[in-house]
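As structure tokens, the structure follows; a few thoughts come after it.
Values below: every heavy atom of this structure, side chains too, minus hydrogens, waters and symmetry copies. Keep in mind it's a predicted model, so treat the numbers as computed, not measured. Both counts, for ligands and for their atoms, begin at 1 and track the order of listing.
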Amino acid sequence: MQYSSSPPSTLVPAAAGGAPRSAAGAPDIKIADLSVAFGTPQGKVTALQNVNVDIPSGSFFTIVGPSGCGKTTLLKVLSGVLPPSAGTVAFNGKPVERSSFTGQVGYVFQRPLLLPWRTAIENVMLTLEIARPELSKRERISEAMRWLHITGLKGFEHRYPTELSGGMQQRVSISRGLAFQPKVLLMDEPFAALDEITRERLQEELVTLWEKVRISVVFITHSIPEALLLSQRIVVMSGRPGHVVEQIDIDFPRPRNEDTRQEPRFIELQGHIRHLLRENPHSTSATTH
Ligand SMILES: Nc1ncnc2c1ncn2[C@@H]1O[C@H](COP(=O)(O)OP(=O)(O)OP(=O)(O)O)[C@@H](O)[C@H]1O
Ligand SMILES: [Mg+2]
């Protein structure tokens, strides 16, 4: 394990088009001097400032940071829906909006955002229709069912979102994300609303999927143990304007489990990250001028 210093729902394909799924693996992602500011009636809000992160193809990166530090904003830029105010985000050297990978970026949003007029399985199948057109209808049904069952929704496949609890809706959203199998999967606190056991099961499924298909995952969480159990690298961000405080490589062997949590290094790292977050809290001012 190294500490490396730094400056350093609808799940939908993040943008229409893109290369066919047979294209080579996940792209190398380079975030260079990225800043994002929003103009508001009250003044300028700088969400991100000079963020530098390199995410090699097939990595599992997790971002932790105080509420409002720009984590969701960063995922929006990675998905191509929000342009940088300064700096660049490139996939294999090409700006994200011009990259052939933009159609292969999946996004599990912080809130489920399901289509209310579609049942759970229809919500998952819609994404499969768009993202995996090579599947027959029978295969789409079977794949959607499989993920709904993995996420514990057996028996609820034909319910509408309003008939599901918040956590169940989020599980439909996660099913959609995992069934899609994009080259890059952006996950914004996907497990926050789930009970402990479901959360653990989905963490294992996510890691299994990641190990099998070697997609790149950029994951956001407020849970330090979750970050330590899942990630290859943890990016710790400061309060707004968010910048990278430290990047930490995590090399516990997998599978990581209860025993991993008891390891002295796990406990030490947990304390270290907590310390970093405490030292770099969220801003008390709403705007910057
Ligand atoms: N469209 C917008 N217009 C103006 N300000 C915005 C907009 N989107 C985000 N912000 C501001 O940018 C900052 C970062 O927001 P963001 O949603 O990225 O935070 P976050 O780190 O994801 O927080 P949380 O952990 O609470 O989800 C916040 O101060 C927020 O108020
Ligand atoms: Mg957020």
Side-chain angles (χ1 to χ4, degrees), residues 6 8-12 14-15 29 31 33-53 55 61-89 96-97 105-114 166-167 169-170 173-174 177 184-194 199 202 206 217-228 230-231 233-248 273-274 276-289:
S6 63
S9 139
T10 306
L11 184 130
V12 290
I29 302 172
I31 302 167
D33 298 324
L34 173 68
S35 296
V36 176
F38 298 101
T40 73
Q42 291 75 34
K44 188 167 105 173
V45 175
T46 304
L48 293 170
Q49 198 159 48
N50 292 325
V51 172
N52 288 283
V53 182
I55 307 175
F61 271 44
T62 295
I63 300 167
V64 298
S67 179
C69 78
K71 301 180 297 299
T72 297
T73 301
L74 180 59
L75 289 201
K76 285 183 181 167
V77 177
L78 282 172
S79 74
V81 300
L82 185 68
S85 307
T88 53
V89 175
V96 68
E97 74 277 11
V105 179
Y107 201 143
V108 177
F109 297 104
Q110 203 163 354
R111 268 162 288 162
L113 300 179
L114 302 175
Q169 290 178 29
Q170 187 61 2
S173 166
I174 293 163
V184 180
L185 181 56
L186 310 175
M187 304 188 84
D188 197 348
E189 299 186 47
F191 304 148
L194 306 182
R199 186 175 186 142
L202 290 181
L206 175 61
V217 180
V218 185
F219 189 95
I220 293 175
T221 182
H222 283 292
S223 162
I224 299 170
E226 181 169 74
L228 287 167
L230 293 176
S231 322
R233 176 173 280 201
I234 298 176
V235 179
V236 183
M237 293 187 61
S238 71
R240 189 177 61 77
H243 58 271
V244 177
V245 173
E246 190 164 317
Q247 299 193 43
I248 305 168
I273 295 169
R274 186 163 292 126
L276 290 175
L277 294 175
R278 211 177 283 138
E279 292 290 295
N280 296 277
H282 54 77
S283 159
T284 47
S285 144
T287 55
T288 51
H289 297 278

Proximal candidate to atom 24 (P) of ligand 1 [heavy atom criterion; set S67, G65, G70]: S67
N or O pair under 3.5 Å between A47 and ligand 1: no
Beyond-backbone contact of I224 with R274, side-chain heavy atoms, under 4.5 angstrom: yes
Smallest separation among heavy atoms of V64 and K71, with atom names: C-CD, 4.2 Å
Distance (rounded to the nearest 0.5 Å) between R233 CZ and Q247 CD: 4.5 Å
2.8 Å cut-off met by an N, O or S atom of T72 to the Mg ion (ligand 2): yes
Main-chain N/O of L48 paired to T46 side chain as donor or acceptor, under 3.5 Å: no
Per-atom contacts of ligand 1 with T73, taking only distances under 4.0 Å to non-hydrogen atoms: 14 (C), 15 (O), 16 (P), 18 (O)
Numbered atoms and elements of ligand 1 in range of E189, under 4.0 angstrom, heavy atoms: 25 (O), 27 (O)
Distance filter under 4.0 Å to C69 heavy atoms, resulting ligand 1 atoms: 19 (O), 21 (O)
Within-4.5 Å side-chain heavy-atom neighbours: L34 and V89: yes
V45 N/O under 3.5 Å from ligand 1 N/O: no
Atom pair CE/OG of M187 and S173 - distance to nearest 0.5 Å: 8.0 Å
Subset of ligand 1 atoms that lie under 4.0 Å from at least one heavy atom of H222: 25 (O)
N, O or S atom of Q110 closer to the Mg ion (ligand 2) than 2.8 Å: yes
Distance-only polar pair, side chains of T221 and E189, donor-acceptor under 3.5 Å: no
Flag, side chain of T62 to backbone of I220, donor-acceptor distance under 3.5 Å: no
Backbone or side-chain N or O of T40 under 3.5 Å from ligand 1 N or O: no
G68 near ligand 1 by a heavy-atom separation under 4.0 Å: yes
Whether K76 lies under 4.0 Å from ligand 1, heavy atom: no
Under 3.5 Å donor-acceptor, S35 side chain and A86 backbone: no
M237 near ligand 1 by a heavy-atom separation under 4.0 Å: no
Nitrogen or oxygen atoms of F38 and ligand 1 under 3.5 Å apart: no
